[in-house]
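So that the names make sense, note that chain A is the first sequence line, chain B the second, and so on, each numbered from 1.
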Amino acid sequence: MKFFFSVIWAVIEKDLRVELRTRESLLVMLVFALLVLTLFSFAFGPGLGGGEAPIQAGILWVAFLFSSVIGMSRSMGIERESNGFSAMRLTPADPSALFFGKMISIFILIAVMEVVGFMALAVFYRAKVWENLGALALVAFAATIGISAVGTLFAAMTARTRIRDVLLPVVLFPLLVPVLIAAVKATVAALDGAGWADMGDWIKMLGAYDLIFIAASAVTFEYILEE
Amino acid sequence: MGLYELIFLASFFVIAMIVWTREENVNRWLALAGVATLTFAVYADIFIATTARQGVAQRIFYVHVPSAWISFLAFFLVFIFSVRYLIWRNAADDIRAYSCAEVGMVFCTLVLITGPIWAHPVWGVWWTWDARLTTSLILWLIYVAYLMLRSYMTDQEQRARFSAVLGIIGFIDVPIVHMSVKWWRTLHPGPVIMRSGGMGELPAPMHIALWASLLAFTLVFIYFVRRRTALEVLHERLEAVRAEREG
């Protein structure tokens with residue numbers, strides 16, 4: 001068991017070190033998320049802002065999904081280019097430990113991007129982020145776990161196909177529909193300061209999704225690593 | 001779980017067995033039975049009275065509902081054969097999963113085409129974001145992803161493994177998608193065939209027509225899958241011979 005956790009930590013540490021040295025993924029993710037937030041403002045017109053929680057939440061999560069896909073495919077692209085998958089297979093580590101390592105490091109990337117995204121939402125769209133910080137953090141946490149669990153599995157998969165990154169959103173987005181719906185609905189409730197009664201069911205749904213797909217992805221990850 | 005759910009579940013496995021069996025004669029009988037029930041179903045579907053409220057548009061129901069049933073059945077079979085493949089690594093299971101996905105995709109497309117044709121005169125709109133419509137659309141998109149993933153991979157063994165994983169995760173996802181969209185909003189007419197406590201509000205002749213259509217579509221589906229599987233086996237043999245010749 002101790003070995004299991006040390007493998008997880010080793011993978012996370014390696015990924016974070018690579019990120020700190022190159023600063024490749026996070027920068028692109030941040031810029032991309034800000035860009036999507038800005039583009040929506042142009043698409044909907046300059047009058048947007050204040051009291052439109054459904055639109056704000058929708059914009060936010062679409063931006064987060066797009067930006068997450070970039071982060072995931074970059075993270076797995078690094079593994080492909082440096083033959084990381086082969087190296088992982090050579091270690092005596094449990095494939096699910098490798099999965100959790102990659103998943104958590106991807107989760108950290110997405111979470112950092114989301115913090116900046118929420119700040120941008122507060123500034124650009126005058127969303128009530130500060131007032132409802134706790135509830136929003138809970139929603140973002142539950143949704144991001146689901147996104148990074150399924151995303152890690154399929155990013156590892158599509159990184160090894162012929163057209164690589166292009167395929168990832170096509171495979172991933174239909175599977176993430178429940179996360180998007182629940183995250184948007186819960187974010188709307190949180191932005192309105194509605195409390196647990198209105199967002200509880202959606203948080204529970206996100207929790208159920210997270211548990212099911214962490215289990216399913218951790219079990220099937222070994223079939224992706226094989227050669 | 002009621003009696004109807006049990007019968008449904010049992011029929012899933014019976015169908016899986018028929019798809020799986022190698023017996024050559026099965027195809028001939030399937031084709032014969034398929035044509036016979038299809039003829040009966042078409043006859044019944046055309047000559048049974050429609051409901052006054054919906055008029056002739058109601059008849060599309062006999063194509064729409066069986067197609068929806070087949071598209072979910074096919075995805076269930078993709079799941080079964082994907083699990084089998086990952087356990088026993090038998091290439092035949094991968095080919096079966098692929099055939100089910102391809103044929104299922106055709107029926108899922110039929111659902112998405114016949115649905116709006118019916119909805120336009122009855123609901124007044126081509127499309128609404130109702131739970132069942134949306135679930136069918138997402139199912140269709142997962143099918144597309146499955147088939148695209150396969151078409152962009154060349155290594156046979158790796159393709160089989162990857163698509164099996166997608167087949168399993170996708171199948172687990174569909175009920176969750178349905179639930180989340182249902183909470184999101186819903187408008188579709190409620191279940192009229194089976195309600196808890198027995199048969200729903202459909203008049204008896206319509207029941208016969210619908211069950212005949214369901215049976216006919218199922219037989220035709222199994223026949224298609226079996227022929228598609230045989231074709232894929234031949235195709236792979238051809239590829240092997242070609243690879244051997246080129247050395």
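A:Ala216 and B:Ile172 make their closest contact through CB-CD1, 4.1 Å (heavy atoms, listed as atom of the first residue, atom of the second, distance). Nearest approach of A:Pro174 to B:Asp173, heavy atoms of both residues: O-OD2, 3.7 Å. Looking at every heavy atom in both residues, B:Met148 comes nearest to A:Val170 through SD-CG1, 3.8 Å.
Both the backbone and the side chain of A:Ile224 come within contact range of chain B, each with at least one heavy atom under 4.5 Å from a heavy atom of that chain. Neither the backbone nor the side chain of A:Ala182 comes within contact range of chain B; no heavy atoms are under 4.5 Å apart. Only the side chain of A:Leu153 has a heavy atom closer than 4.5 Å to any heavy atom of chain B. Within the 4.5 angstrom heavy-atom criterion, no atom of B:Thr134 approaches chain A. Heavy-atom distances place no part of B:Ser82 under 4.5 Å from chain A, backbone and side chain included. With a threshold of 4.5 angstrom between heavy atoms, A:Phe221 does not approach chain B through any atom at all.
Between A:Phe154 and B:Ile169 there is a side-chain heavy-atom pair separated by less than 4.5 Å.
In A:Glu81, the CD atom is crowded: over 12 heavy atoms of neighbouring residues, nucleotides or ligands sit closer than 6.0 Å. Crowding of A:Phe173 atom CZ: a count of heavy atoms from other residues, nucleotides or ligands under 6.0 Å exceeding 12. Annotation: B:Phe224, atom CZ; neighbour count of heavy atoms from other residues, nucleotides and ligands within 6.0 Å does not exceed 12. Other residues, nucleotides and ligands contribute more than 12 heavy atoms inside 6.0 Å of the CZ atom of A:Arg89. Other residues, nucleotides and ligands contribute only 12 or fewer heavy atoms inside 6.0 Å of the NE2 atom of B:His235.
Summarising the geometry, atom OG1 belonging to A:Thr161 is positioned 13.5 Å from atom CZ belonging to B:Arg150; distances are rounded to the nearest 0.5 Å. Put simply, CD1 on A:Ile181 and NZ on B:Lys182 are 13.5 Å apart, with the number rounded to the nearest 0.5 Å. With rounding to the nearest 0.5 angstrom, the CE atom of A:Met157 is 8.0 Å from the CE atom of B:Met153. The line from CG of B:Leu86 to CD of A:Glu222 is 9.0 Å long, rounded to the nearest 0.5 Å.
The pair B:Arg89-A:Glu226 meets the salt-bridge criterion, since a charged nitrogen lies less than 4.0 angstrom from a carboxylate oxygen.
Residues of residues 199-213 of chain A lying within less than 4.5 angstrom of chain B, judged on heavy atoms, are A:Asp201, A:Trp202, A:Met205, A:Tyr209, A:Ile212, A:Phe213 in numerical order. Taking 4.5 Å as the heavy-atom cut-off, none of the residues of residues 69-79 of chain A approach chain B.
With chain A as partner, the option from B:Thr154, B:Leu139, B:Ile176 having the largest number of non-hydrogen pairs under 4.5 angstrom is B:Ile176. When each of A:Val219, A:Leu175, A:Val179, A:Val171 is checked for heavy-atom pairs under 4.5 Å with chain B, A:Leu175 comes out on top.
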>> Does A:Arg160 form a side chain to side chain contact (heavy atoms under 4.5 Å, CB included) with B:Phe162? I'd like the steps, not just the answer.
In response: CA-CA 10 Å; A:Arg160 303 170 77 193; B:Phe162 284 14; 4.1 Å; yes
